[in-house]
Amino acid sequence: MIETERAGRTFKVRGAVVHAVRDLSFRIEPGEFVGCLGPNGAGKSTTIKMLCGILTPTSGRVRVAGLDPSRGRTALARRIGVVFGQRTTLWWDLPLRDSFELVRLLYKVDRKLFQVRLDELTEALDLGGFTRTPVRQLSLGQRMRGDLAAALLHDPEVLVLDEPTIGLDVVSKAGIRSFLLRVNAERGTTVLLTTHDLGDVERLCRRVLLIDHGRLAFDGTVGDLMATAPGQATIEEVVTRLYTRGRAAPPPVEPV
Amino acid sequence: MVRTYALLAWTWTRAAMAYRASFVIMTVLGVFITATDVAVILVIFSHTTALAGFTRDEALFLYGSAGLSFTLCDMFVSNVDKVSQHIKAGTLDTMLIRPVSTWIQLAADRFALTRAGRVLQAAAVLGYALAVLDLDARRLWMVPVMLVTGTVIFAAVWTLGGAAQFLLTDAPEVINSFTYGGGQLTQYPLSVYGRDLVRGVTYVLPLAFVNWQPALYVLDRDDPFGTPGFVRFLGPVAAAVLALLAGLAWRQGIRHYRSTGS
């Protein structure tokens, strides 16, 4: 469903060439639920943007749902759903339901199908209370639920989420997580998400990709990930170990 | 494409209608602001009967035709020059994940029906000039041709300006001097300007084909700068070439888009 082959992306920053992502190869099968981890600036967002066609890779090959994202960007858009945790894809000044209606028209979703889908999503994400509110007045949790609904209205085969739980409280997080599991289980939607929240990984992902310095540093199940550290290490300890390989680890914070 | 544009434009219009008083004020203000341009022309002609060889009504014909093309573009296309704003805000990313043209989404973004006031004002001036000038009916076919040509040229200039911002995120001010500057330049007979400038807007950035060259044909005038007669008919060619270049530049811009850090 998602395939990258030695994919790379460089940026020129004041004359110097920066490799945001290099030699990235992985394959995600239909129906998988994959989490992508990595320290800040590791290249996670760049990878996601290459998968959606926003950024053109400078080397290698990327295929999503059988398409080259940067060449077939608009065709691909009908088949994937994209959510950015840090910014909304909804229309800021419009009420939520107007955004949904625009999505229906832009994605040419059949009116009846759309209504069925919208009712399901409204119920599953509990949107009922705020569909008439302009997006800019929504709380972060509400906005995130709205974004998720908008990304799924056209029933995409793949759902790509860049930090979907960033800044959310525990209850909102739990709601989003159970919703994502449901979408993956009931509709067989392939899900790829990036996150810094290891709870997301533990509760959601069967498989983990770890990107560091633009390269794939780990690819395996959560069990495999835990097995990289000896003994009874927690997932935080395991990931810290992987992030700090070859670097000095930050000193542990003593509990107060 | 037209359907997508209409959808987005209608959505923005509905959102703007929520503030009805502001909507009315903006529309009326638009008419008044552009009307000052006409006032300037009328003031000039209250002191003289000819401006660089053109009568008042001929000057109004030039003003109205370029003005109509320009205001139509200002209303329907000009938002494509907001590329750098959208890059900085990260909103370009969200347009790129939609299954419709990014150019259309940008052009329709925050579509303002209030700009229709300016279009109507320019159309009224053109209508007046056509009514009072004693034009050769066999040459009038050129009027719609020049309006389309002018609109395409201005749209292409705006698109080039937008495309340039994929590379130069801080270029909007420079780009304004080509778009709004072009709009101002074409309001007067080009014979008021220096020869080098007119050469530049004929052979480099073909603003002379927005109204000047075709209008010389409609008004049955020789070019004060001495270009041969066939140049009057080159407008559509110039517009097509410029539009093609703009389209290519736009595609390159999208391919070289760098997005933001997060």
Side-chain angles (χ1 to χ4, degrees), chain A residues 9-13 20 40-41 44-46 48-56 58 69-95 98-99 101-109 134 147 150-151 154 156 160 162-163 166 194, chain B residues 1-19 22-23 79 82-83 85-112 166-170 250-262:
Chain A
R9 170 75 201 204
T10 57
F11 293 103
K12 280 207 187 83
V13 183
N40 294 114
K44 297 185 301 296
S45 292
T46 303
I48 294 283
K49 285 174 186 173
M50 287 196 289
L51 298 179
C52 325
I54 294 173
L55 290 174
T56 311
T58 41
S70 61
R71 294 193 178 276
R73 183 167 42 79
T74 45
L76 180 64
R78 284 183 205 290
R79 303 178 54 183
I80 66 170
V82 184
V83 173
F84 297 115
Q86 308 226 33
R87 65 181 62 101
T88 183
T89 58
L90 303 167
W91 285 263
W92 199 241
D93 298 307
L94 301 180
D98 287 18
S99 272
E101 182 65 11
L102 262 179
V103 167
R104 179 182 84 76
L105 294 161
L106 294 181
Y107 286 78
K108 300 202 173 96
V109 183
D147 259 303
H154 61 293
V160 175
D162 195 4
E163 304 191 35
I166 194 167
T194 73
Chain B
M1 258 173 56
V2 175
R3 173 184 166 273
T4 306
Y5 190 99
L7 277 172
L8 292 168
W10 171 236
T11 308
W12 285 113
T13 307
R14 237 179 4 181
M17 287 290 196
Y19 307 95
S22 148
F23 181 84
N79 284 330
K82 303 268 189 299
V83 168
Q85 276 179 33
H86 285 288
I87 290 177
K88 287 176 186 167
T91 40
L92 196 68
D93 286 1
T94 66
M95 293 186 184
L96 285 163
I97 60 161
R98 303 266 175 235
V100 289
S101 145
T102 313
W103 190 86
I104 293 283
Q105 290 182 73
L106 271 166
D109 192 57
R110 300 186 181 276
F111 172 82
F166 284 104
L167 290 175
L168 316 161
T169 15
D170 292 312
W250 185 262
R251 275 184 48 169
Q252 280 302 310
I254 296 272
R255 277 193 78 78
H256 288 96
Y257 172 52
R258 300 163 50 108
S259 190
T260 49
S262 60

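- One distance of note links OH of Y257(B) with OG1 of T56(A); it measures 11.5 Å at 0.5 Å rounding.
- Between W91(A) and T11(B), every side-chain heavy-atom pair lies at or beyond the 4.5 Å cut-off.
- Between L7(B) and L102(A), the shortest heavy-atom distance links the atoms O-CD2, 4.4 Å.
- Chosen from L90(A), V103(A), L94(A), the residue pairing most often with chain B at heavy-atom distances under 4.5 Å is L94(A).
- Under a 3.5 Å cut-off, the side chain of R255(B) and the backbone N or O of S70(A) do not form any donor-acceptor pair.
- When R110(B), R98(B), H256(B), R3(B) are compared by the number of non-hydrogen pairs under 4.5 Å with chain A, R98(B) comes out ahead.
- In this view, F166(B) and W250(B) satisfy the ring-ring contact (aromatic ring centres under 6.0 Å, His included) rule, not counting sequence neighbours.
- Annotation: side-chain contact (heavy atoms from CB on, under 4.5 Å) contacts of T102(B) (sequence neighbours excluded): R73(A), L92(B), M95(B), L96(B), L106(B), I254(B).
- K12(A) approaches R258(B) most closely through the heavy-atom pair O-NH1, 3.0 Å.
- The contact between I54(A) and chain B is made by backbone and side chain atoms together, counting heavy-atom distances below 4.5 Å.
- Taking CD of Q105(B) as the start and CG of L106(A) as the end, the distance is 6.5 Å to the nearest 0.5 Å.
- The line from OG1 of T89(A) to CD1 of I97(B) is 5.0 Å long, rounded to the nearest 0.5 Å.
- Of the atoms belonging to T58(A), not a single heavy atom falls under 4.5 Å from chain B.
- Checking side-chain atoms of R87(A) against main-chain N and O of T94(B) turns up no donor-acceptor pair under 3.5 Å.
- In R251(B), the CZ atom is not crowded: 12 or fewer heavy atoms of neighbouring residues, nucleotides or ligands sit closer than 6.0 Å.
- Applying the 6.0 Å contact sphere to CZ of R71(A) captures no more than 12 heavy atoms from other residues, nucleotides or ligands.
- The candidate with the highest count of non-hydrogen atom pairs below 4.5 Å against chain B, out of G53(A), P134(A), A77(A), is A77(A).
- In this structure, the portion of R9(A) lying under 4.5 Å from any heavy atom of chain B is its side chain and not its backbone.
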